[in-house]
Amino acid sequence: QVQLVESGGGLVQAGGSLRLSCAASGRTFSSLAMGWFRQAPGKERVFVAAITRSGGSTKYVDSVKGRFTISRDNAKNTVYLQMNSLKPEDTALYYCAAARLSSLWVQTTDYDYWGQGTQVTVSS
């Protein structure tokens, strides 16, 4: 079993930045592929970014390319999402997810473990 705990969300003005963290426990972190998803009120949970076990490859949804960066520190069992140039449409509950199989997964069904989410609100 893997436990994931997100942190770093908050209220920020448009154009601002936030850094989300997701701390993992319960399994060797370096064996997990990781991802970030988000869910706006009344909408489905959608893919934001993914990173492979080693951190050597990443993938992003088009709407965040050039603004968001996913990274991981396997020594700290933590994955990050650096979010710059935030827009009101980035407002959502952000979830961290982990997958036992290594790839750049983009579907919610590809992931085995989920955190509880951290709220990001961007004001205009």
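Values below: all heavy atoms of this structure, side chains included; hydrogens, waters and symmetry mates excluded. Given the structure is predicted, the values throughout are model-derived calculations rather than measurements. Count residues from 1 along the sequence.
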Residue pair Arg67 / Asp90, side-chain heavy-atom distance below 4.5 Å: yes
Non-hydrogen side-chain atoms of Cys22 and Val5 separated by less than 4.5 Å: no
Tyr94 side chain vs Gly8 backbone, donor-acceptor pair below 3.5 Å: no
Flag, side chain of Ser54 to backbone of Gly56, donor-acceptor distance under 3.5 Å: yes
Least distance between heavy atoms, Ser21 atom then Thr78 atom: CB-CG2, 4.2 Å
Nearest non-hydrogen partners of Gly117 and Glu6, listed with the distance: N-OE1, 2.9 Å
Beyond-backbone contact of Trp36 with Ile51, side-chain heavy atoms, under 4.5 angstrom: no
Geometric cation-pi criterion Arg19 and Tyr80, 6.0 Å radius, 45° cone: yes
Sidechain-backbone polar pair: Asn77 side chain, Thr28 backbone, donor-acceptor under 3.5 Å: no
Worked verdict on Lys59 versus Val106 for side-chain contact (heavy atoms from CB on, under 4.5 Å): CA-CA 9 Å; Lys59 187 180 184 72; Val106 300; 3.6 Å; yes
Linked, directly or transitively: Val122 and Leu93 (ILVMFWY side chains, under 4.5 Å): yes
Residue Glu89 excluded, over 12 heavy atoms near CD under 6.0 Å: yes
Residue pair Gln119 / Thr91, side-chain heavy-atom distance below 4.5 Å: yes
NZ or CZ of Arg72 within 45° of Phe29 ring axis and under 6.0 Å: yes
Flag side-chain contact, heavy atom, 4.5 Å: Leu86 against Asn84: no
Ring geometry between Phe47 and Phe37 (parallel below 30°, tilted from 30 to 60°, perpendicular above 60°): perpendicular
Thr118 side chain to Ser7 backbone, donor-acceptor under 3.5 Å: no
For the student: nearest non-hydrogen atoms of Leu32 and Ala98, plus distance: CD1-CB, 4.1 Å
Candidate pair Val48 and Leu81, rule side-chain contact (heavy atoms from CB on, under 4.5 Å), full reasoning: CA-CA 10 Å; Val48 175; Leu81 186 67; 4.2 Å; yes
Closest non-hydrogen atom pair between Arg53 and Ser30, with its separation: CB-O, 3.2 Å
Test item: Val79 and Leu4 side chains (from C-beta on) under 4.5 Å apart, heavy atoms: no
Minimal non-hydrogen separation, Ser124 against Ala14, with atom names: CA-CB, 4.4 Å
Connected via hydrophobic side-chain network under 4.5 Å: Tyr95 and Val46: no
Worked check of side-chain contact (heavy atoms from CB on, under 4.5 Å) between Asp112 and Val2: CA-CA 9 Å; Asp112 303 293; Val2 174; over 6 Å; no
Closest approach of Met34 to Ile70 (non-hydrogen atoms, all atoms of both residues): O-CD1, 4.3 Å
Any side-chain donor near an acceptor of the partner, Gln13 and Ser123, under 3.5 Å: no
Residues Lys65, Asp62; criterion salt bridge (Lys or Arg N to Asp or Glu O under 4.0 Å); working and verdict: CA-CA 5 Å; Lys65 285 180 181 176; Asp62 286 347; 2.9 Å; yes
Test side chain to side chain donor-acceptor pair (under 3.5 Å) applied to Ser85 - qualifying residues, sequence neighbours left out: none
Heavy-atom side-chain contact between Tyr113 and Gln1 under 4.5 Å: yes
Side chains of Trp114 and Cys96 in contact at under 4.5 Å (non-hydrogen atoms): no
